[in-house]
Amino acid sequence: MTQDDKKRQVAEAALSYVEDDAVIGVGTGSTVNFFIAKLAAIRGRIAGAVPSSEASAALLRRHGIPVVELNSTGDLGVYIDGADEATSRRMLIKGGGGALTREKIVAAASRRFICLVDDSKLVDVLGRFPLPVEVIPMARGYVGRQLVRLGGRPELRMGVTTDNGNLIIDVHGLTILDPGELEAEINQIAGVVCNGIFARRPADLLLVGRDSGVEKI
Ligand code: 5RP
């Protein structure tokens with residue numbers, strides 16, 4: 001089974017967590033794109049979707065799914081998104097697609113966060129995938145120096161501006177033994193908008209695509 005087959009498989013499995021007549025949170029990335037395509041087939045069953053990026057908003061609209069502002073909903077019942085790395089404790093690195101800040105907001109505002117990954121993304125310790133950090137442009141150099149102090153090798157993601165008008169620094173070489181602690185510490189650096197560790201609000205359920213089928217963690 002290819003990685004895309006596994007992504008399709010978890011996207012299909014996620015449909016069973018979509019509640020009738022609800023507004024659901026929808027994330028960003030290639031796995032979620034498969035999910036949006038499948039959601040289109042049952043679009044009459046949902047009231048709409050709050051997307052975590054302009055890219056997902058455009059795809060939802062193309063599929064005829066109403067796009068709803070988070071400010072016009074209360075908390076959402078369910079948020080469905082992918083991840084770049086995941087542990088068995090459902091802690092994540094996200095932001096490979098640059099949408100980490102809105103992803104963290106929609107996850108925070110949702111009662112249940114269901115995360116879709118293929119088995120290549122499971123790790124014992126987070127950090128093999130470079131950690132995305134969204135920064136205010138004028139703070140780029142300062143934040144980079146602080147990330148070096150924390151033991152990382154920061155690299156500016158060239159040519160990328162986030163939906164919020166900011167930059168992304170990818171931090172290489174981290175071994176994240178205490179994800180909750182590092183998440184909080186990086187967020188304290190002046191100029192950081194958000195970092196891609198999801199430990200304080202981890203996923204509630206991981207759906208893992210494997211050759212043998214979908215595993216629930
Ligand atoms: C976007 C994300 C994505 O969930 C993450 O990058 C996984 O993407 P894909 O499903 O394409 O592998 O965090 O910011």
Side-chain angles (χ1 to χ4, degrees), residues 1-15 17 24-39 49-60 70 78-87 90-110 112-123 126-135 155 157 159-172 174 176 179 183 186 192-210 214 217:
M1 202 181 268
T2 67
Q3 192 177 21
D4 275 356
D5 291 335
K6 292 175 185 175
K7 290 180 180 185
R8 268 190 215 96
Q9 188 186 42
V10 287
E12 175 78 36
L15 283 181
Y17 297 91
I24 67 168
V26 172
T28 299
S30 57
T31 312
V32 166
N33 290 348
F34 287 126
F35 173 69
I36 292 173
K38 290 177 185 298
L39 193 61
V50 174
S52 69
S53 64
E54 298 301 330
S56 289
L59 190 59
L60 286 161
L70 185 61
V78 68
Y79 175 52
I80 292 172
D81 197 1
D84 300 297
E85 272 188 359
T87 70
R90 301 182 306 279
M91 294 184 182
L92 314 170
I93 285 184
K94 290 183 47 53
L100 58 154
T101 300
R102 295 188 187 193
E103 290 169 345
K104 211 171 261 198
I105 294 167
V106 184
S110 299
R112 199 151 191 228
F113 172 15
I114 295 173
C115 184
L116 315 180
V117 293
D118 63 80
D119 53 3
S120 70
K121 293 175 172 177
L122 287 180
V123 293
L126 296 173
R128 189 179 63 199
F129 190 90
L131 175 66
V133 179
E134 180 164 354
V135 298
E155 279 181 20
R157 200 180 293 181
V160 170
T161 302
T162 70
D163 287 346
N164 313 309
N166 297 315
L167 303 174
I168 299 279
I169 293 176
D170 292 306
V171 190
H172 297 251
L174 295 173
I176 305 175
E183 180 179 5
I186 293 176
V192 167
V193 177
C194 181
N195 73 82
I197 301 175
F198 283 58
R200 301 207 157 212
R201 200 280 178 252
D204 299 300
L205 177 66
L206 269 184
L207 298 180
V208 183
R210 295 186 179 278
V214 175
I217 298 178

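Every number for a ligand or one of its atoms is a count from 1 in the order of the listing.
Interface of Thr28 with ligand 1, defined as ligand atoms under 4.0 Å from a residue heavy atom, comprises 1 (C), 2 (C), 3 (C), 4 (O). Proximity to Gly82 (heavy-atom distance under 4.0 Å) selects the following atoms of ligand 1: 4 (O). Interface of Gly98 with ligand 1, defined as ligand atoms under 4.0 Å from a residue heavy atom, comprises 14 (O). Taking every heavy atom of Lys121 and a limit of under 4.0 angstrom, the matching atoms of ligand 1 come to 7 (C), 9 (P), 10 (O), 12 (O). Heavy-atom proximity to Asp81, at under 4.0 Å, picks out these atoms of ligand 1: 4 (O). Close approach of ligand 1 to Ala83 is summarised as follows: ligand atoms under 4.0 Å from at least one heavy atom of the residue are 4 (O), 5 (C), 7 (C). Remark: ligand 1 atoms within the under-4.0 Å shell around heavy atoms of Thr31 are 9 (P), 10 (O). Close approach of ligand 1 to Gly95 (heavy-atom distance below 4.0 Å) involves ligand atoms 2 (C), 13 (O), 14 (O).
The side chain to side chain donor-acceptor pair (under 3.5 Å) test with Ser52 is passed by exactly one of Thr28, Thr101, Asp81, Asp163: Thr28. Considering Lys6, Gln3, Arg210 as possible partners of Asp118, the one that fulfils the side chain to side chain donor-acceptor pair (under 3.5 Å) test is Gln3.
In terms of polar-atom proximity, defined here as any N/O pair under 3.5 Å, Val32 makes no such contact with ligand 1. Polar contact with ligand 1: absent for Gly29 (N/O pair, distance under 3.5 Å).
Because its NZ or CZ atom is not both nearer than 6.0 Å to the ring centre of Phe34 and within 45° of the ring axis, Lys7 does not count as a cation-pi partner of that residue.
The closest side-chain heavy-atom distance from Val193 to Asn164 is not below 4.5 Å. Between Val10 and Val117 there is no side-chain heavy-atom pair separated by less than 4.5 Å.
Among protein heavy atoms, the minimum distance from atom 9 (P) of ligand 1 is reached at Ser30 OG, 3.3 Å. Scanning the protein heavy atoms around atom 5 (C) of ligand 1, the nearest turns out to be Asp84 OD1, 3.1 Å. Counting protein heavy atoms only, atom 1 (C) of ligand 1 is closest to Glu103 OE2, 3.0 Å.
Salt-bridge annotation for Arg102 and Glu134: absent, with no side-chain N of the basic residue lying under 4.0 Å from a carboxylate O of the acidic one.
For the residue pair Ser30/Asn33, the side-chain donor-acceptor check at 3.5 Å is not satisfied.
Here Ser52 has no heavy atoms under 4.0 Å from ligand 1, in either its backbone or its side chain.
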Given side chain to side chain contact (heavy atoms under 4.5 Å, CB included), test Phe113 with Leu92 step by step and report yes or no.
-> CA-CA 12 Å; Phe113 172 15; Leu92 314 170; 3.6 Å; yes
Could you walk me through whether Phe129 and Val123 pass the side chain to side chain contact (heavy atoms under 4.5 Å, CB included) check?
-> CA-CA 10 Å; Phe129 190 90; Val123 293; over 6 Å; no
